[in-house]
K.L.:
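After the structure tokens below, expect a handful of questions from me.
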Amino acid sequence: MSLGPATLQVIWSRLVATVDEAAATLVRTSFSTIVRDSNDYACVLTDAEGRSLAQSSLSIPSFIATLPRTVRAMLERYPAETLQPGDVLVTNDPWLGTGHLPDLSMAVPIFRHGRLVAFAATAAHLPDIGGRIRSPDARELYEEGLRIPVTKLVVGGAVNQQLVEIIEANVRVPTQVMGDIWAQAAANHRASVSLLALMDDHGLNDVVELASEIHSRSETAMRNAIKALPDGEYDFEVRGDGVADFPIGIRVRVRVHGDSLEVDYAGTSQQVPYALNVVPSYTFAYTAFALKCVLDPLLPNNEGCFAPISVSAPLGSILNPQAPAPVGARALTGHLLPSAVFGALHAAVPDKVQAASGSPLWGVQLAGEEPSGRYAGLFFFNGGQGASARQGGVDCLSFPSNMAATPAEVIERELPLRVLEKSFRAGSGGAGRNPGGRGQRLRLKHVGTASASLAFLAERIRNPAFGLAGGEAGALGRVLLNGEVIDPKARYQLRPGDELVCETPGGGGYGTAEPK
Amino acid sequence: MIVGVDIGGTFTDVVLFDRATGSLETWKVLTTPRAPEEGVLRGVKEALQAYGHAPDDVTAVVHATTLVTNAIIERKGEATGLINSRGFADALDMRREFRYDLYDLDLKFPEPLVPRSAREEISARSDAQGAVVEPVDTNELGRAMAALLEQGVTTVAVNLLHAYADPSLEEQVGEWLAANAPELAVSLSSDVIREIGEYERGSTVTANAYVKPLIDGYLGRLGRGLQAVGIGVPIRVMQSAGGFCSPDVARRYPIRLLESGPAAGALSAAHAGASVDLTDLLGFDMGGTTAKACLIREGAPEVIHSFEAGRVHRFKRGSGLPILAASVDLIEIGAGGGSIATVDGLGLLGVGPESAGSEPGPACYELGGEFPTVTDADLVLGYLSPGSFLGGRMTLSLEAAEKAISEHLAEPLGMSLLEAAWGVHEVVNENMASAARVYLAEKATDPRALTMIATGGAGPVHAFGVARSLGCSHVLYPAAAGVGSAVGLLVAPPREDEVQPFLRALESVSENELRSSLAALEARAAARMDPQAMRAGGHAAFSADMRFRGQGQTVSVPLEASELSAASVATGFRSEYRRLFGNTTSEAEIEFVNLRVVVTGSVEASPMKHQETAKAAEATAHRPLFVASRQGGGMQPAPVYQRAALTAGTALSGPCVIEEAATTIVINERTDVKVDDQLNVVVTVPTRDASGLSPDRAGGSSTRQAGATT
């Protein structure tokens, strides 16, 4: 049969609904707050060769195009003939999966009339994976938790109990972790059932023609969007604070040639003995995210979209590190990539990009003991968005990830802190024709009875969010403890009565500010 | 006699229901947007007159209104001020700092209802346990009030930190304002909604304050107007949660009326199902620009406790103002009769969400609309008839519809006219089915267990196709579908919702403590109910939002007053958890998050059944209808029936068309059609393997009897 422009649309819509249904199942049943509130997961359907057909709509950028790679890696370890109905494959290897250990990738083969026709796959952030509490301090991957190579968690419907016991023995909250893993299995099951019903309804015996239509049409759309860019090589460089004596330099060259596009990170910093390293799939994901924002934001995610795009970084660099490099705090580096790509493309399409944002996200981590019991908590808040030729940056907005801020009333309920102020930082947005979004000033006081250990997620203390087209950079971020500026990359003890002020960075401005 | 009044965008619908005879009479007048009470009064007067009733016969007036929604969307509220704890005046602009669309770099957010200049900070606040951290300083409060009055503020919201835990500070502020600025309308966050989260609670109380003077004035004028025509009974106002409240409650908590109309629609669907003993339903309503779907489980619409008003990106969660209030849970989809079909960026036939609206409208209206819409496709397929649209009040141009579809779809896509039209019909159906699928998956509900209830102008034209894609077993087209929402008003119970934060480990709460907490909550809700309604079968339903410790989201667990021991509550939680999530692998600790109560009174109305007759229905005409089949499909002559002439017990078979004043029921396949003793039309949806149709295999235009209508 042939799929015409209406039938294909009908099936495609339903395919996207199928992965979104799986996502709804995952979100509903998951323990992780990060999965539920921050969409830190993805659900994907691939063809029998592991090429993505559809991806759930709400996933954060970290997962763009990672799952199909993982499925292909699983197929290398377990070729099609070794798979049977009821198998569940898993791995959390950063190089095969999404770039850090807490994300578990899982795939199930889908059989129709005894033939492997597709895979349903999910990746999600588990509540814990053992190792040290998440921190950039790790020097080797081994400190960061349990590493699971590609393994069958379920073999033909029978649970691999040994693997379950190994996982349970290595994590802090085993019931929650296994609960989330089974939530992923339920989501994959849901996607499998729905895909088979779709195939029944439309009389499809396989997804070969469907995949080829989806891929070729998406690829064509992406190539057309690239063709609209002027050919050329566009260079840019951004700097991140890094840790200790290791600042991060990202150098990017975007080559546009006809209908294809190459992103090369040659000249970027070497890998570091801290957890800031970014594996190639995460490098690709955040690069592809920026390109999609500029080129075709509405195009549904699948293999075809990214066929015209290649991304490379030198082996041994911070964007293509060699194992066992630690990778747990990859976001501190990876979140700089969209602004690097925007900066490069500004020369080609000045109206379509945006200045740097006061990102990555900020967080405060506090743990200790009060008479009421032990506590440990991590809460998030954000800087300002970068401005564009089209509009000023939004004040305090998560970018490029998407972490909601924790309400002050929830912070105070869960930790011995009083939030004295959460307000916009006047003048923190970079000046410009369109000014950058403002950062915030969060003022906290320890109202407990005992000292607590304190750590931060903070970036752009030394390197501000740059402006574009004459727009100025946003204000630097700052952390003050009892009025003294401190380095947020170090750990502290917060004593009762201590006052902490976090000032998040502003976004960069766009265009020269008109004189008042 | 009960009078139901539903103010819609264009029409104000009036229904008269006589309890003694079970008769239902309907009347429509134009809505008067500037002074909506005028339309209501005229409608009620005219309806009573037309059907020969005296004002004395009226025992109740139940009312649904879009006034609150419109005031927020169109920014028609009064100058509002906000008083909040020091350090948090930016909260309304800062929101929760996330993006509602990942790939859109140009996000827009709704302007807060109160400008930054009309927000005043005072030091008063509590801590998370409700203990006072800083008391109310009346000098400071006086300065704040003076600053607001100077800006011309007439209504004020108060939102102090942790007021959900202890309302006393806010109450002191409220009392002081009442004594010192009696002309100000005051809304306290702890009174409007006792839930944690300074931004969401603040957004809710601000919206409440914003519409308060408006609703107060409106209900006052309406009450006096009704009195003037001799109707002295109190007005009942429909709330978002699907129950009515007294005018006093509506004036104090106008934000609870936000989804008044859709709630009536959902109740109406629930009622249509209940009258034929069906309790698990999918309400499906499709109009000119949007479609709505609402799950009804065990006879009641699903209720959520948080939703959004005035979304700037209509269908995106996160692009509106968060409102914490009980509300029927429905999804809105950008698909309607006016949705425009195009060739999308992928070279495929796409439909919506852009809509031609009513102006210029579909091409077939010939009001200047150039682009093909869903209505145009339905006309070409024979699903609508040029001469009998809206009961013949409007003539449609088949020629204009064909031209729009040929030029903009068929030719560029290399399809025949019929293929393109059938494609539009199928694509819009799948858009709606896909959205409903995800919505149902979020609720762990299998669509195959549901009967679809179809309403709205375009709903009955598309319901059969949507139900088939979803796998629903039946579609029910209720009698009086044209005034569907207003019927819901007649079957609404009085209702009051109340919530109390209760973050406690299950194990730490004794049965007695839980019982007395629930009793206090019930007393708070019951105090707002009409005592008479309480005596006549008032009922309290308790529930708790619960979770395993460590989880973010909660599960709503029904609580029985007789079974409040930790063990039975745990059993209830686990069984609800299992229903939603399939299993309870966790041995984690269980905790309460909120306690809730819903107090409802009894429902007064219950329409009568009709005698079944075995009278055969006669087709008034035949017209060519696009009928799909495995081999492709094409135009076939099909019988056309008039709904008004169908009697209880009639059995028909599809393909057929049933016309009524406001809509057309389209059955485009072979199947059984029945009219039940409530005069509902009930259609069996063929099982999946019976078809499997593809629009691109539709027959060419040669099989079509061009332009023929009989």
K.L.:
Please check this pair: side chain of N402(A) against backbone of F98(B), looking for a donor-acceptor N/O pair closer than 3.5 Å.
P.N.:
no
K.L.:
Specify the closest pair of heavy atoms between R418(A) and D127(B), including all atoms of both residues, with the distance to one decimal.
P.N.:
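Between these two residues, the closest heavy atoms are NH2-CB, 4.1 Å.
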K.L.:
Which one, V419(A), V16(A), L298(A), leads in non-hydrogen pairs under 4.5 Å with chain B?
P.N.:
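Sorted descending by pairs with chain B, the first entry is V419(A).
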K.L.:
Most heavy-atom pairs under 4.5 angstrom with chain A, which of Y199(B), Y164(B), Y439(B)?
P.N.:
Y164(B)
K.L.:
Identify which part of F109(B) has an atom lying under 4.5 Å from any heavy atom of chain A, answering side chain, backbone, both or neither.
P.N.:
side chain
K.L.:
Which residue, R96(B), R95(B), M94(B), forms the side chain to side chain contact (heavy atoms under 4.5 Å, CB included) with C396(A)?
P.N.:
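Result: among R96(B), R95(B), M94(B), M94(B) is the only option passing the side chain to side chain contact (heavy atoms under 4.5 Å, CB included) with C396(A).
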K.L.:
Crowded around E168(A) CD? As in, over 12 foreign heavy atoms under 6.0 Å?
P.N.:
yes
K.L.:
Which heavy atom of P5(A) sits nearest to which heavy atom of L413(B), and what is that distance?
P.N.:
CB-CD2, 3.8 Å
K.L.:
Kindly state each residue pair satisfying salt bridge (Lys or Arg N to Asp or Glu O under 4.0 Å) with at least one member in residues 391-404 of chain A, sequence neighbours excluded.
P.N.:
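Applying salt bridge (Lys or Arg N to Asp or Glu O under 4.0 Å) to every pair that reaches into residues 391-404 of chain A, excluding sequence neighbours, yields D395(A)-R438(A).
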K.L.:
Looking only at heavy atoms and a cut-off of under 4.5 Å, which of P297(A), A24(A), A405(A), A17(A) has the most pairs with chain B?
P.N.:
A405(A)
K.L.:
What part of L503(B) gets within 4.5 angstrom of chain A, counting heavy atoms only: side chain, backbone, both, or neither?
P.N.:
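Contact with chain A: side chain only.
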K.L.:
Are the side chain of E421(A) and the backbone N or O of F88(B) linked by a donor-acceptor pair below 3.5 Å?
P.N.:
no
K.L.:
So which part of R190(A) gets closer than 4.5 Å to some heavy atom of chain B, the side chain, the backbone, both or neither?
P.N.:
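Side chain of R190(A) only, per the 4.5 Å heavy-atom cut-off to chain B.
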K.L.:
In Å and rounded to the nearest 0.5 Å, what is the OG to CG distance from S85(B) to L420(A)?
P.N.:
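Rounded to the nearest 0.5 Å, the OG-CG separation comes to 11.5 Å.
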K.L.:
Look at D93(B), L105(B), L440(B), V424(B) and state which one has the largest set of heavy-atom pairs under 4.5 Å with chain A.
P.N.:
L105(B)
K.L.:
Taking every non-hydrogen pair under 4.5 Å, which of R86(B), R125(B), Q129(B) racks up the most with chain A?
P.N.:
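Top option by heavy-atom pairs under 4.5 Å: R125(B).
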K.L.:
Looking only at the side chains, is there a donor atom on one of E430(B) and Q9(A) sitting less than 3.5 Å from an acceptor on the other?
P.N.:
no
K.L.:
Answer yes or no: are there more than 12 heavy-atom neighbours, outside R116(B) itself, under 6.0 Å from its atom CZ?
P.N.:
yes
K.L.:
Roughly how far, to the nearest 0.5 Å, is CG of D201(A) from OG of S469(B)?
P.N.:
7.0 Å
K.L.:
S388(A), G393(A), P174(A), P61(A): which one forms the most heavy-atom pairs within less than 4.5 Å of chain B?
P.N.:
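Maximum pair count with chain B is reached by P61(A).
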K.L.:
On a heavy-atom basis, which atom in E412(A) and which in L161(B) lie closest, and how many Å separate them?
P.N.:
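Closest heavy-atom pair between E412(A) and L161(B): OE2-CD2, 4.1 Å.
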K.L.:
Which atoms form the tightest heavy-atom contact between K422(A) and E97(B), and what is the distance?
P.N.:
NZ-OE2, 2.8 Å
K.L.:
Please report the interatomic distance CG(L102(B)) to CD1(I64(A)), rounded to the nearest 0.5 Å.
P.N.:
7.0 Å
K.L.:
Which heavy-atom pair separates P407(A) from G197(B) by the least distance, and what is that distance?
P.N.:
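Shortest heavy-atom separation between P407(A) and G197(B) comes out as CB-CA, 4.3 Å.
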K.L.:
For P300(A), is it the side chain, the backbone, both, or neither that has a heavy atom closer than 4.5 Å to a heavy atom of chain B?
P.N.:
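For P300(A), the side chain is the part near chain B, not the backbone.
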K.L.:
Check whether any side-chain N or O of D90(B) sits under 3.5 Å from a backbone N or O of F424(A) as a donor-acceptor pair, and report yes or no.
P.N.:
yes
K.L.:
Under a 4.5 Å heavy-atom cut-off, does chain B meet the side chain of R413(A), its backbone, both or neither?
P.N.:
both
K.L.:
Heavy-atom cut-off 4.5 Å, strictly under: side chain, backbone, both or neither for L397(A) against chain B?
P.N.:
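Contact with chain B involves both backbone and side-chain atoms of L397(A).
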K.L.:
Can you tell which part of V133(B) gets under 4.5 Å to a heavy atom of chain A, answering side chain, backbone, both or neither?
P.N.:
side chain
K.L.:
For S59(A), is it the side chain, the backbone, both, or neither that has a heavy atom closer than 4.5 Å to a heavy atom of chain B?
P.N.:
backbone
K.L.:
Check side chain to side chain contact (heavy atoms under 4.5 Å, CB included) between K292(A) and all other residues, then give those that pass, not counting sequence neighbours.
P.N.:
L299(A), N301(A), F306(A), Y103(B)
K.L.:
With chain B, which of A221(A), S401(A), G386(A) has the greatest number of heavy-atom pairs at distances under 4.5 Å?
P.N.:
S401(A)
K.L.:
Ignoring hydrogens and geometry beyond distance, is a side-chain donor-acceptor pair present between Q354(A) and D106(B) at under 3.5 Å?
P.N.:
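Distance-only check fails for Q354(A) and D106(B).
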K.L.:
Using heavy-atom distances under 4.5 Å, tell me whether L291(A) contacts chain B through its side chain, its backbone, both, or neither.
P.N.:
neither
K.L.:
V394(A) and L107(B): which non-hydrogen atoms are nearest, and at how many Å?
P.N.:
CG2-O, 4.0 Å
K.L.:
Keeping the roles fixed (side chain from E21(A), backbone from R437(B)), state whether a donor-acceptor pair exists under 3.5 Å.
P.N.:
no
K.L.:
Need one label for V410(A): side chain, backbone, both or neither, based on atoms under 4.5 Å from any heavy atom in chain B.
P.N.:
both
K.L.:
Could you give me the CA-CA distance, side-chain angles and deciding distance for F548(B) and T175(A), then say whether side chain to side chain contact (heavy atoms under 4.5 Å, CB included) is met?
P.N.:
CA-CA 11 Å; F548(B) 285 116; T175(A) 48; over 6 Å; no
